[in-house]
Amino acid sequence: MNERLALAHSPVVSMDAITKTFPGVKALDQVRLDLYPGEVTALVGENGAGKSTTVKVLTGIYRPDAGTIRIDGKPVTLSTPNDASNAGITAIHQETVLFDELSVAENIFIGHAPRTRLGLIDRAEMHSAAQQLLDEIGAPLNTHTLLRDLGIANKHLVALARALSVDARVVIMDEPTAALSHKEIEELYALVETLKTQGKAILFISHKFDEIFRIADRYTVFRDGAFVEDGLVTDIDEDGLVKMMVGRSVDQIFPPRQHKIAEDVFEVEAYEHPTEFADISFSLRRGEILGFYGLVGAGRSELMQSLFGITRPSGGACRINGTPCVIRSPADAVANGIVYVPEDRGKQGAIIGLPIFQNITLPSLGRTSRSGFLKIAEEFKLAREYSTRLDLRAASLDQDVGSLSGGNQQKVVIAKWLATQPQVIILDEPTKGIDIGSKAAVHAFMAELAAEGLSIIMVSSEIPEVIGMSDRVIVMRDGRIAAEISGRDLHPETLVRHAAGITTTPQLQEA
């Protein structure tokens, strides 16, 4: 056991018996959470377990119905985000809100910039203080640079500097590595270690077990809005953590497949785009799950968006059931039985602000209308059918899709396109950013759809998912197909070598 963790010391923040109820849903049911100085606590649980609600309670966005929050042992009331900020609690969300047209310094100090005696913004002091914060976290950025000119990783550093500009004692990181490269993730890990040495208490929310076991000192597990267990990471393993989260073991994540692969349904030949991909040819069979793997910039999503008619190719052809088809728009794709579930479900998949049932029925209005008039009863019937098939968890179908957890939003987007009764469904990172329980549900449903004869293209960056779910895998590199792999050759090392362009065969050492 880590001797430092074994030392008796008091938490900076304690949540005790916190309860929060929304209409029809008890989001938190007497949960507890402790955050300690100089330590990382991983908050683990399925989507809908209460993690996001907990963060919003801690940051003053939601006020709990019952329970107590203590800082340094003293009860506090966090009625507003300002209350939380004044108490030294700050959060860096997965989709941090920053302002592209403002400079790095302006983003860091927006809302609390230093002032001159005349009440004007002291820009010299602001840039100086911003530079000091950036130096503390090892961010090599110019404070005068406009945010729009930075990459995603550097924007995360600006968000972190902004969080620390309020002298935070507690830093909440919500899926901070979702959009980062491997190198950037390593830099984030180093930054977290720096924050620990400064005595910050860190709440780390991630669906990636390798991150949890790499970076966290403690864990707390929630399930269905209730506290399950907490403890030291050194005292638990992945299988134990999974069982606490979802009540199933790791080997059940990828369901058994009933292979009924038949004739070719979708064929792509010599597909090209001026800047994104070239010479793409492959076939997809009925009842098959065809995986697409590649590193960042390989061109997988760009290819899928073109096949769905979002962008137009410069050359090539495709066929459905042997018949040539021309896809100039998403409407053409849907008419030919091809649908696409995008990676960014929030911006490209679901329509935030509309209820669940309207999101599901939107592409299928021809089935739910008569003589040009929508039939609400028919919409609800169709939405209920597919939400039930996907085990969608919501208070009602009238609920705003924006209020759902990430996993349930993904189910709504999949249900929307399945309602069109397609022949081919393209799933682009279908389980990105969702918890292990929702992943298992999506995987099981994919296997069920394939067994029913639906043809599936799955784009994924998770090697276990690619290998566990795919019948064949196409590896892309620099906009081209690098390899097609199946059967006994489908190994992690093989996928990575082709994706990275490593063509030499590893040499075995002689005894």
Side-chain angles (χ1 to χ4, degrees), residues 11-35 41-71 75-99 107-112 156 158-160 162-176 178 200-206 220 222 224-227 346-347 350 352-353 394-395 399-409 433 435:
V12 176
V13 173
S14 292
M15 304 177 74
D16 184 44
I18 297 295
T19 298
K20 181 63 181 177
T21 302
F22 299 100
V25 178
K26 181 171 279 190
L28 297 177
D29 186 5
Q30 298 193 29
V31 300
R32 64 183 180 88
L33 173 68
D34 295 323
L35 303 178
T41 299
L43 181 56
V44 186
E46 296 187 63
N47 283 96
K51 303 187 303 296
S52 295
T53 304
T54 298
V55 170
K56 290 177 180 178
V57 168
L58 269 178
T59 54
I61 297 174
Y62 292 158
R63 188 168 181 175
D65 302 325
T68 305
I69 300 174
R70 291 183 174 87
I71 296 180
V76 298
T77 300
L78 305 177
S79 300
T80 66
N82 277 340
D83 290 342
S85 179
N86 293 335
I89 301 173
T90 190
I92 303 169
H93 300 283
Q94 179 179 349
E95 297 177 356
T96 302
V97 177
L98 296 171
F99 301 91
N107 269 280
I108 291 173
F109 282 102
I110 192 165
H112 60 284
H156 272 275
V158 174
L160 179 58
R162 184 172 74 177
L164 298 180
S165 70
V166 296
D167 193 25
R169 299 178 62 200
V170 176
V171 179
I172 301 170
M173 294 185 171
D174 189 356
E175 297 285 351
K200 310 292 186 186
I202 301 169
L203 179 62
F204 191 84
I205 300 175
S206 175
T220 297
F222 285 1
D224 296 330
F227 171 86
K347 293 182 179 178
I352 307 301
Q399 188 174 339
D400 183 348
V401 72
S403 66
L404 297 177
S405 64
N408 283 310
Q409 284 186 10
D435 62 86

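Computed from heavy atoms alone, side chains included, the values below leave out hydrogens, waters and symmetry copies. Only a predicted model underlies this, so the values are computations on that prediction, with no experimental measurement involved. Position 1 is the first residue of the sequence; numbering continues from there.
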Of the non-hydrogen atoms in [X] and [Y], which two are nearest, and what is the gap between them?
X: A87; Y: L78; value: CB-CD2, 4.3 Å
X: G225; Y: V31; value: O-CG1, 3.1 Å
X: A91; Y: T59; value: CB-CG2, 3.8 Å
X: R63; Y: S79; value: NH1-OG, 3.4 Å

Do [X] and [Y] come within less than 4.5 Å of each other through their side chains, counting heavy atoms only?
X: T41; Y: L33; result: yes
X: P11; Y: L35; result: no
X: S165; Y: H112; result: yes
X: D83; Y: T77; result: no
X: L58; Y: L203; result: yes
X: M15; Y: D34; result: no
X: T90; Y: V170; result: no
X: I89; Y: I71; result: yes

Original post:
R70 pairs by side chain to side chain contact (heavy atoms under 4.5 Å, CB included) with which of V76, D16, V13?
Top reply: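 Running side chain to side chain contact (heavy atoms under 4.5 Å, CB included) over V76, D16, V13 with R70 returns exactly one hit, D16.
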Original post:
So, is the end of the K20 side chain (NZ or CZ) under 6.0 Å from the ring centre of F22 and within 45° of the ring's axis?
Top reply: yes
Original post:
Are side-chain N/O atoms of T19 and D29 paired as donor and acceptor at under 3.5 Å?
Top reply: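 Absent: no donor and acceptor within the cut-off.
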